[in-house]
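Data first, discussion second: the structure below is written as structure tokens.
We use all heavy atoms of the structure for the numbers below, so side chains are in, but hydrogens, waters and symmetry mates are not. Counting starts at 1 for both ligands and their atoms, following the listed order.
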Amino acid sequence: MMRGKFITLEGIDGAGKSTHHAWLVEHLRKRGREVVATREPGGTELGEKLRALLLSEPMHIETEALLMFAARREHLAKLILPALDSGKWVVSDRFTDASFAYQGGGRGLSPEKLMALENWVQEGFQPDLTLVFDLPADLACSRLAGTGNAPDRFEQETRDFFQRVREAYLVRATRYPQRMRVIDAGKSVGEIQKELEVMFAIY
Ligand code: TYD
């Protein structure tokens, strides 16, 4: 049995990641892959309960990071690793790069603490491919404001916060160029889909 691929999608809130997540899952299914679509925080029954807390309850930044990784531990054990072992592909709307970008870049939690949690929970496991949907913070904030949806605890953050989150994603993409691809989320949805089609034709 060939092990499946683990693909993660990242980017600041408002970059359009969720639209591309849904499209990519369908695209891979059309190409004959068995695909599990999931998200973080969440992806399991317990993880979704933790997500509800994370998106609404004020908490210490280390509590936030610990809960993100607690949800991730459950996600890996119950869903991600069993699916990959049975040959399925897993496409996750966010994973650990989000913790380095939001809790690290955004909130200022030290990379050492995040790396300790990453090592504990993942023991070296990493996505096969990570797509970073990149957009200037100003644009992302105005897109978010335009949706009319009530903003969650992260979406209520300032433009400066999103600027730091974006920078943290870009720094990581430079550090891990073989795993992470940056996609210009300022392009139209159609243009981005074409780019993804080309990328996955050879993947
Ligand atoms: P998001 O994908 O933006 O959900 P939605 O599209 O439904 O709003 O994810 C929820 C939030 O969780 C997002 O603002 C980023 C945050 N987050 C972290 O801060 N750290 C993490 O490790 C993860 C996975 C998410």
Side-chain angles (χ1 to χ4, degrees), residues 6-25 37-44 46-76 78-80 90-111 113-122 125-127 130-135 137 139-169 172 180 183 185 189:
F6 182 40
I7 298 164
T8 62
L9 278 65
E10 299 284 356
I12 57 176
D13 293 82
K17 171 186 55 60
S18 301
T19 306
H20 296 298
H21 178 259
W23 181 87
L24 181 62
V25 167
T38 189
R39 68 172 178 181
E40 287 207 350
T44 64
L46 176 61
E48 291 293 328
K49 288 182 182 164
L50 294 173
R51 178 188 178 91
L53 291 172
L54 280 159
L55 296 193
S56 63
E57 288 295 318
M59 61 183 79
H60 189 279
I61 61 167
E62 293 191 359
T63 310
E64 184 178 285
L66 287 162
L67 288 180
M68 290 290 178
F69 276 95
R72 185 161 297 134
R73 187 68 194 93
E74 197 69 10
H75 198 197
L76 281 163
K78 295 261 168 67
L79 189 141
I80 299 172
V90 177
V91 182
S92 187
D93 189 337
R94 300 193 186 282
F95 192 63
T96 302
D97 294 301
S99 300
F100 282 94
Y102 281 78
Q103 282 65 54
R107 304 249 194 257
L109 186 61
S110 81
K113 287 193 172 168
L114 289 165
M115 280 191 286
L117 292 173
E118 180 186 39
N119 290 336
W120 182 357
V121 165
Q122 291 168 225
F125 175 80
Q126 290 293 338
T130 298
L131 307 175
V132 179
F133 292 88
D134 180 53
L135 198 67
L139 262 175
C141 288
S142 51
R143 278 192 192 176
L144 274 184
T147 63
N149 298 333
D152 64 38
R153 206 164 61 81
F154 292 96
E155 290 165 347
Q156 286 167 18
E157 283 294 340
T158 59
R159 186 199 155 283
D160 282 0
F161 176 87
F162 288 112
Q163 182 59 45
R164 293 196 299 277
V165 174
R166 180 194 189 201
E167 278 305 314
Y169 273 129
R172 282 182 78 71
M180 299 176 77
I183 293 173
V189 170

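A side-chain hydrogen bond (donor to acceptor under 3.5 Å, both in side chains) with T8 is found for exactly one of T130, T96, D93, T38, namely T130.
Here the straight-line distance linking atom OH of Y169 with atom CZ of F100 works out to 11.5 Å at 0.5 Å rounding.
Between R153 and E64, at least one side-chain nitrogen of the basic residue sits less than 4.0 Å from a carboxylate oxygen of the acidic one, meeting the salt-bridge criterion. Here R72 does not pair with E118 in a salt bridge; the nearest charged N to carboxylate O distance is not below 4.0 Å.
A donor-acceptor distance shorter than 3.5 angstrom exists from the side chain of R51 to the backbone of P41, with no hydrogens or angles considered.
Annotation: ligand 1 has protein neighbours D13, K17, S18, E40, P41, R51, L55, M68, R72, D93, R94, A98, S99, Y102, Q103, D152, F154, E155, each with a heavy atom less than 4.0 angstrom from the ligand.
Applying the side-chain hydrogen bond (donor to acceptor under 3.5 Å, both in side chains) test to T19 and every residue at least two apart in sequence or in another chain returns nothing.
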